[in-house]
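Down below is the structure, laid out as structure tokens.
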Amino acid sequence: MLPSVSMLQPQGTSHIHHYASINKSGASSPIFAEAQALAGGLQWCLSSNLTPEYIFSDCLNLVSKVKGNWHDHSPLSTLVHQIRTFLSRFPEASLLHVSRQHNDKAHSLAKQALRLRDED
């Protein structure tokens with residue numbers, strides 16, 4: 001599974017203006033892979049001096065954990081804390097859930113990345 005995260009710039013919500021493909025291996029579960037992708041995308045925005053207005057994920061469980069007060073002593077909790085720290089650098093940004101059926105652009109990008117990876 002290759003997780004995908006869309007970062008939208010303030011110019012509008014109808015187009016993805018900037019995106020990154022970040023290859024991560026060793027995810028122990030789909031939610032952990034999604035969290036890795038979200039953290040990597042936020043880190044990429046910081047290093048690229050991009051300020052997203054909206055950040056979408058199709059993983060409702062992850063969005064709920066990041067926006068809530070969830071914490072335990074798992075590696076996922078550590079990653080969620082890292083995501084919250086990155087998000088604090090974007091006080092105007094909104095983390096939103098989008099259903100998978102409405103996430104076709106990110107899904108297409110993930111499928112394309114898988115094809116490119118398989119060609120290597």
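- For the residue pair S99 and D58, the shortest heavy atom distance occurs at C-CB, 4.4 Å.
- Side-chain contact between W44 and L50: present, with at least one pair of heavy atoms (C-beta onward) separated by less than 4.5 Å.
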As a quick check of understanding, evaluate side-chain contact (heavy atoms from CB on, under 4.5 Å) for E92 and T51, giving each step before the final call. CA-CA 9 Å; E92 302 297 318; T51 306; 5.8 Å; no
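- Side-chain atoms of E34 and S57, non-hydrogen and from C-beta on, do get closer than 4.5 Å to each other.
- A35 and L79 make their closest contact through CB-CD2, 3.4 Å (heavy atoms, listed as atom of the first residue, atom of the second, distance).
- Taking 4.5 Å as the limit, every side-chain heavy atom of V63 sits out of range of all side-chain heavy atoms of L96.
- Among all heavy-atom pairs drawn from F56 and V98, the shortest one is CB-CG1, 3.9 Å.
- Atom-to-atom distance recorded for I55:CD1 and L87:CG is 5.0 Å, nearest 0.5 angstrom.
- Between T85 and H81 there is a side-chain heavy-atom pair separated by less than 4.5 Å.
- The side-chain hydrogen bond (donor to acceptor under 3.5 Å, both in side chains) contacts involving residues 59-76 comprise H71-S77, D72-S74, where partners must be two or more places apart or lie in separate chains.
- At least one side-chain heavy atom of L46 sits less than 4.5 Å from a side-chain heavy atom of R89.
- Contact annotation: the side chain of I31 approaches that of C59 to within less than 4.5 Å [non-hydrogen atoms, C-beta and beyond].
- Nearest approach of P52 to A93, heavy atoms of both residues: O-CB, 3.3 Å.
- Distance check, rounded to the nearest 0.5 Å: CD of Q36 to CD of Q43 gives 12.0 Å.
- Scanning all heavy atoms of the two residues, the minimum distance from A39 to Q82 falls at CB-OE1, 4.1 Å.
- Residues L62 and V80 approach most closely at CD1-CG2, 4.1 Å, considering heavy atoms.
- One finds the CG atom of L42 at 6.0 Å from the CZ atom of F90 (value rounded to the nearest 0.5 Å).
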